[in-house]
Asks: 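Please see the structure below; I have some questions.
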Amino acid sequence: MTRTARDHAIEVRNLTRVFPAGGTDTVVRANDDLTFSIPRGQVFGLLGANGAGKTTLVSQLLGLMRPTSGEIVVEGIDAVNRPDEVKAMTGYLPQTGLSMRLVEVRRALHYTGRLRGQGEADTRRQTAELIDELGLGDVKDRYVDQLSGGMTRLVNFGMALMGRPKLLVLDEPTNELDPHNRRLVWDMVSRRSAQDGTTVVLVTHNVLEAESAVDQVAVMNGGRITAMGTPGHLKEALGDRIRLELFVRDDHPLEHRERELFGAVGTLTEGKRDGSYLVQTDSARMPDLMRLVHGELGMDRVSDFRLTRPTLEDVYLTLDGRSEPGAGPEPGGGPDADRTPAGAGAAGAAATAAVPAAPPASPPAGPAPAAAAGAPAAVLTATDEEAPAPAVAEAERPAAAVSAPRTGPDAAAAAAVPAAPAHGIAARVRRMGVDLKYLWLEQMLEVRTTWSWVLMFGLLMPAAMVFGLTRIGNGLSDEQSLLFIVSGAAIFSVANEGIGTLAQRIGVLRQDGMMVYYASLPISRISFLAAMVFSRLLLILPGLITPMITAKLMYDTDFVISPALLIVLPLSCMALSAIGLAIGTLVRSMDLLLVIVNLMIFVLLLVAPVLIPIESLPVPLQVFGYLLPPTYAAESLRLALMGDFGTTFLLNIAALSAMTAVGLAGANRWLRWRTA
Ligand code: ATP
């Protein structure tokens with residue numbers, strides 16, 4: 001059947017992505033002129049050794065990375081220029097853990113649904129369905145970070161499925177899962193693709209497992225696709241071959257004469273375990289092989305044997321660029337060997353095979369060319385019109401997956417359409433409000449377990465500062481000194497929680513690879529940053545108020561407590577938090593970040609007009625002081641406590657507002673929503 005562009009969920013044309021190769025003029029071509037299409041409703045496996053370029057490719061498909069050149073169209077949308085629209089229809093399960101670790105399982109699913117643009121009723125319904133389908137009922141009220149690695153992976157898989165996305169990108173979805181849950185995941189993937197027409201891009205090293213799950217496979221090597229087709233087609237490319245895995249009883253090696261006999265029938269390779277062998281040969285030699293096993297060796301010498309057709313792993317090992325041409329796979333580990341994931345020993349296995357490897361070639365646009373010399377025809381990289389129909393793979397898929405219509409308009413229509421990105425100002429503002437609410441809730445819930453310590457610090461630190469500083473020398477209990485000590489202690493507290501904690505929080509999110517979760521959602525960066533800032537307000541405010549209470553209790557001060565404090569206090573929190581965010585997003589090294597933050601809090605504040613009257617500072621420090629937001633926060637707090645709401649007060653408020661805006665704009669600019 002000839003497919004048209006309308007049947008394709010993903011079309012990639014001449015996609016190239018290069019990275020500078022650290023310190024030299026050369027570049028790494030992580031993706032090198034890739035051209036291919038994925039029909040709608042297919043499960044598309046992306047295989048390849050470490051560094052082959054798989055992550056780079058999916059990052060670009062998801063709009064998380066900008067290509068150096070080339071085009072990506074996802075469901076008719078230009079993914080390079082309209083990434084948010086692609087994110088709205090895509091569920092992504094990265095290899096690294098997702099965020100939402102310190103919330104309950106049901107909340108992680110619910111919040112993800114809302115952040116992906118689903119309505120409340122639909123989100124609740126789907127959350128309940130997914131908890132049921134994934135068997136998470138017993139743990140739905142537990143924090144995600146208290147679950148085992150496998151259960152966490154299941155929750156993350158559920159988060160990727162929220163909103164019934166048209167496109168699912170799954171990076172090693174069955175890592176850490178037990179066999180039962182692996183089966184569950186593959187069944188759910190098959191159901192989504194068969195019944196909803198969901199297109200699934202599956203990145204995996206687990207070739208044996210992928211074989212039963214995928215319709216079409218692309219093998220990547222050195223940034224290029226070296227083979228693409230259904231598993232059946234790719235295996236056919238190895239020729240009419242059979243493979244015998246042989247395990248000799250008690251792990252005894254074959255004798256010299258026996259080796260010669262097997263070697264005469266096919267290619268004999270030793271397995272990793274003593275007494276295990278792989279023999280590969282033409283299927284016509286099957287009777288000879290059986291005769292050798294049964295007649296020459298005798299069943300008393302044989303502990304176990306398996307006679308199979310070539311596996312997808314054989315294809316992969318032939319094409320991944322690391323095996324010798326003519327190399328084949330290792331035999332399985334033994335009679336009881338787990339033939340799933342790592343047991344495959346895939347890429348690292350040195351082996352022998354009889355089929356020449358296809359030369360690296362990027363799939364050309366238009367009809368595939370005639371087979372390159374030595375390259376089996378089915379290993380040709382298929383493109384739009386040439387994409388092999390999934391017929392072969394369908395024969396190998398679970399019945400449930402085959403029975404329902406897989407592609408075409410019906411299936412596309414069956415897929416629940418996720419909420420489209422909001423258009424129009426009112427809709428956008430509403431959407432940003434929802435994003436802000438759920439991101440804020442997540443941040444607030446994340447500090448549930450530590451808030452009492454944060455609060456204690458916020459109360460004790462400023463109180464201790466007031467107590468200690470007012471006892472320096474002969475005591476600084478005059479009204480003027482008290483004002484500086486109270487405002488200085490308050491601003492130190494805000495700087496610590498706002499600048500310090502937020503800068504480090506962004507650094508940790510980035511370092512742990514969790515930023516990719518937020519970046520893969522169709523949310524605005526501003527909502528994310530604003531949620532971060534607002535989540536600090538409640539934690540910071542007590543630290544701002546404590547110094548005033550301490551001073552009142554110790555010295556019965558006569559400060560003016562006016563409604564203006566309702567502006568000064570939150571604005572100070574926001575300005576300093578925004579600066580913290582900007583630093584956290586700008587500085588990439590965690591170590592440098594810590595140095596800068598500590599410098600700002602403990603060194604710069606002590607030589608700025610925060611605790612010290614400006615006239616007591618040398619002119620350079622006066623000028624320098626007015627570049628720092630804490631100066632304005634401290635001065636506006638002092639003026640408010642004195643009841644002086646004149647021009648200077650207003651200028652300070654304006655400066656704080658401007659610094660909040662500049663900090664947020666800087667963080668918005670520097671936050672890597674798109675990696676590299
Ligand atoms: P793995 O299976 O190990 O995850 P992969 O197939 O996903 O590998 P990529 O992560 O896409 O491979 O990397 C492809 C190549 O691009 C590698 O050589 C890698 O070093 C390089 N690369 C990827 N990201 C960057 C980056 N940000 N800067 C420089 N080089 C990069």
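The structure displayed is predicted, hence computed values, not measured ones. Quick note: residue numbers are just sequence positions, from 1. Counting starts at 1 for both ligands and their atoms, following the listed order.
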Asks: At under 4.0 Å between heavy atoms, which part of H205 makes contact with ligand 1: side chain, backbone, both or neither?
Replies: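 Under 4.0 Å from ligand 1, H205 contributes side-chain atoms alone.
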Asks: By number and element, which atoms of ligand 1 are closer than 4.0 Å to a non-hydrogen atom of A52?
Replies: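 Once the distances to A52 are compared, the set is 5 (P), 6 (O), 12 (O).
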Asks: I'd like to know if the side chain of R13 and the backbone of I72 have a donor-acceptor N/O pair within less than 3.5 Å.
Replies: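 No, the answer is negative, given that no donor and acceptor are paired below the 3.5 Å cut-off.
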Asks: I'd like the name of whichever of G222, G223, G51, G48 reaches closest to atom 17 (C) of ligand 1 through any heavy atom.
Replies: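 It is G51 whose heavy atom sits nearest to atom 17 (C) of ligand 1.
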Asks: Should the proximity of T56 to ligand 1, defined as any heavy atom under 4.0 Å, be assigned to the side chain, the backbone, both, or neither?
Replies: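 The part of T56 near ligand 1 is both the backbone and the side chain.
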Asks: To the nearest 0.5 angstrom, please state how far the CG atom of N156 sits from the CE atom of M151.
Replies: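 The CG atom of N156 sits 12.0 Å away from the CE atom of M151.
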Asks: If you measure from the Lys or Arg side-chain nitrogens to the Asp or Glu carboxylate oxygens, is any gap between K87 and E85 under 4.0 Å?
Replies: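 No salt bridge links K87 with E85.
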Asks: Please could you name the atoms of ligand 1 that A49 approaches to less than 4.0 Å, counting only its heavy atoms?
Replies: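 Every atom of ligand 1 under 4.0 Å from some heavy atom of A49: 6 (O).
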Asks: Between N50 and ligand 1, is there a nitrogen or oxygen pair with a distance under 3.5 Å?
Replies: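 Between N50 and ligand 1 (N or O atoms, distance only) the closest approach is under 3.5 Å.
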Asks: Salt bridge check: are R164 and D196 linked by an N-O gap of less than 4.0 Å?
Replies: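 Yes, R164 and D196 are salt-bridged.
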Asks: Nearest 0.5 Å, please: how far is CZ in F19 from OG1 in T26?
Replies: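 One gets 14.0 Å once the value is rounded to the nearest 0.5 Å.
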Asks: Heavy-atom contact under 4.0 Å between S59 and ligand 1?
Replies: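 No.
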Asks: State if G53 counts as touching ligand 1 under the rule of any non-hydrogen atom under 4.0 Å.
Replies: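 Judged by the 4.0 Å heavy-atom criterion, G53 does count as contacting ligand 1.
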Asks: Is any side-chain heavy atom of R182 closer than 4.5 Å to a side-chain heavy atom of D178?
Replies: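 Not in contact.
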Asks: Using a 4.0 Å cutoff against the non-hydrogen atoms of T55, which atoms of ligand 1 qualify?
Replies: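 Matching atoms, with element in brackets: 4 (O), 5 (P), 7 (O), 10 (O), 11 (O).
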Asks: Test of understanding: with ring pair (Phe, Tyr, Trp, His ring centres under 6.0 Å), list the residues that count as partners of F528, not counting sequence neighbours.
Replies: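 Applying ring pair (Phe, Tyr, Trp, His ring centres under 6.0 Å) to F528 gives Y518, W673.
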Asks: Looking only at N/O atoms, are A30 and ligand 1 under 3.5 Å apart anywhere?
Replies: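 In this structure, A30 places no N or O atom under 3.5 Å from an N or O of ligand 1.
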